[in-house]
Amino acid sequence: MSKSRLKYICTSCGYESLRWLGKCPECDSWNSFSEELVEISKRKNSPVANQKSTIYKINEISAAEEDRVKTGIKEFDRVLGGGIMPGSIILLGGDPGIGKSTLAMQAAANISSNVLYVTGEESPKQIKLRALRLKIKSDNFFILAETNLNNILSSIKEAQPSIVVIDSIQTMHSEQFDNSPGTVTQIRECTSLLMEEAKKGHFAVILIGHVTKEGIIAGPKVLEHIVDTVLQFEGESNHSFRILRSQKNRFGSTNEIGIFEMHENGLAEVKNPSELFLSDREKNVSGSVITASVEGTRPILLEVQALVTPSNFGNPQRVTTGFDGRRLSILLAVLEKRANLRLSANNVFLNMAGGVRIFEPAVDLAVCCSIASSLLDKIIDNKSVVIGEVGLGGEIRSVGNIEKRIQEAEKLGFKRIFIPSNNLKGLKLNTEIKISGVGNLMELLQVIYK
Ligand code: TYD
Ligand code: MG
């Protein structure tokens, strides 16, 4: 017999408490506790080994990369590390209306084996209407409108799918628990049950999850620990493009991003993101510098924009979009100390154009140049690209993947590229673009803003 007891669980991190708390001691979020019934199962008999477990030699386990299921959407497959791994659980999170259902549906539609799309939010008719918009004609795409997990599991046994889409995990519930759908206990237990079945049945699950106001996947952080892959689908509501980012991936790199554009008949892959990010560029304006960042395996050219304005109040503002605020403070200090630029009395606004988020140090130099450009109101010519990590002494440190960055810049018609002088060593590239090595920050600022 199992007993149940009332507990209070933090909806953002899963911390459990016997009484209600206003602030979570674990993750510091306010007013995040919800009342839930938690089963307390009696401890099972002491673990006597009555079943023999098998030990495998690692060389004898067969697992080939070809086992991955390709969705045919290259941007999606690449973010996953080359396709969907059978038996894995993928959590796809994002704001409402961003296009999670659309992406999951388009990805599933190209798979040649059976796909089961479980919807707890929309009716089969609504799904059909979306399928018509997306021009899905697949013969092995099955729809199930159900929120009861036990029924879903038996339908899975019947349909034998290779991919199951759960839209969304917050609407699912298991009869084993009295809590309502969307509570921490239900989300956690439904995911664990699905996971168990997925590993046994060798099918992959795409779980769609909502995101809270703060931008984290609703339901506790524990969910992120259980699943194999956490994908975040993001974008600005007033831009048509969307970025798929992997936050955790047991089967691939987490640096990879996939870029899509939302059209009236679904998401289209953006094959050349550099062109997209540079398309709205206003040429010949101060504060704008082009740099080449490498996201995962792919170089992306993007524009760094800075706006430096005099501050009338005591505390100058530092606002960044798409860049780490603390990193900006460091770079400002370097500019102030090593390049004698007076920034402490100025507001600095920094923006990675196009809504991307870049945390790679290779963009440091471009950030410094754009700030200097805006402060001095001088323009760097629009055919140049700047790459390099800036050290505290103002020295420029070498960066990885330099060939890829240079080639991308050349491909897009840039004429000159500034790279760390240490990267010049051993550089064997037959290119037309003029490559200049830079040793320190002052040197570069003198060249481009003379
Ligand atoms: P949806 O996939 O329902 O979002 P989510 O599941 O993340 O809530 O997509 C919703 C938005 O996408 C909606 O605002 C309309 C837009 N959309 C298009 O622009 N084109 C399309 O072909 C589809 C299906 C949706
Ligand atoms: Mg949806």
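All ligand and atom numbering here is 1-based and tracks the order in the structure.
- Among pairs with a residue in residues 134-148, those fulfilling side chain to side chain donor-acceptor pair (under 3.5 Å) read S138-N140, E146-N151, N148-E175, at least two apart in sequence or across chains.
- Nearest approach of G388 to P420, heavy atoms of both residues: CA-CG, 3.8 Å.
- The two atoms that bring I84 and A204 nearest to each other are CG2-CB, 3.4 Å, heavy atoms only.
- Between R188 and the choices E36, E224, E16, the salt bridge (charged side-chain N to carboxylate O under 4.0 Å, His left out) rule is met once, by E16.
- Across all their heavy atoms, I371 and V308 have their closest contact at O-CG2, 3.7 Å.
- Within 6.0 Å of CZ in R327 there are more than 12 heavy atoms belonging to other residues, nucleotides or ligands.
- Taking 2.8 Å as the threshold, S168 does not count as a candidate ligand of the Mg ion (ligand 2), since none of its N, O or S atoms lies below it.
- Within 4.0 Å of ligand 1, protein heavy atoms come from D95, P96, G97, I98, G99, K100, S101, T102, R130, R133, L134, M262, H263, E264, N265, G266.
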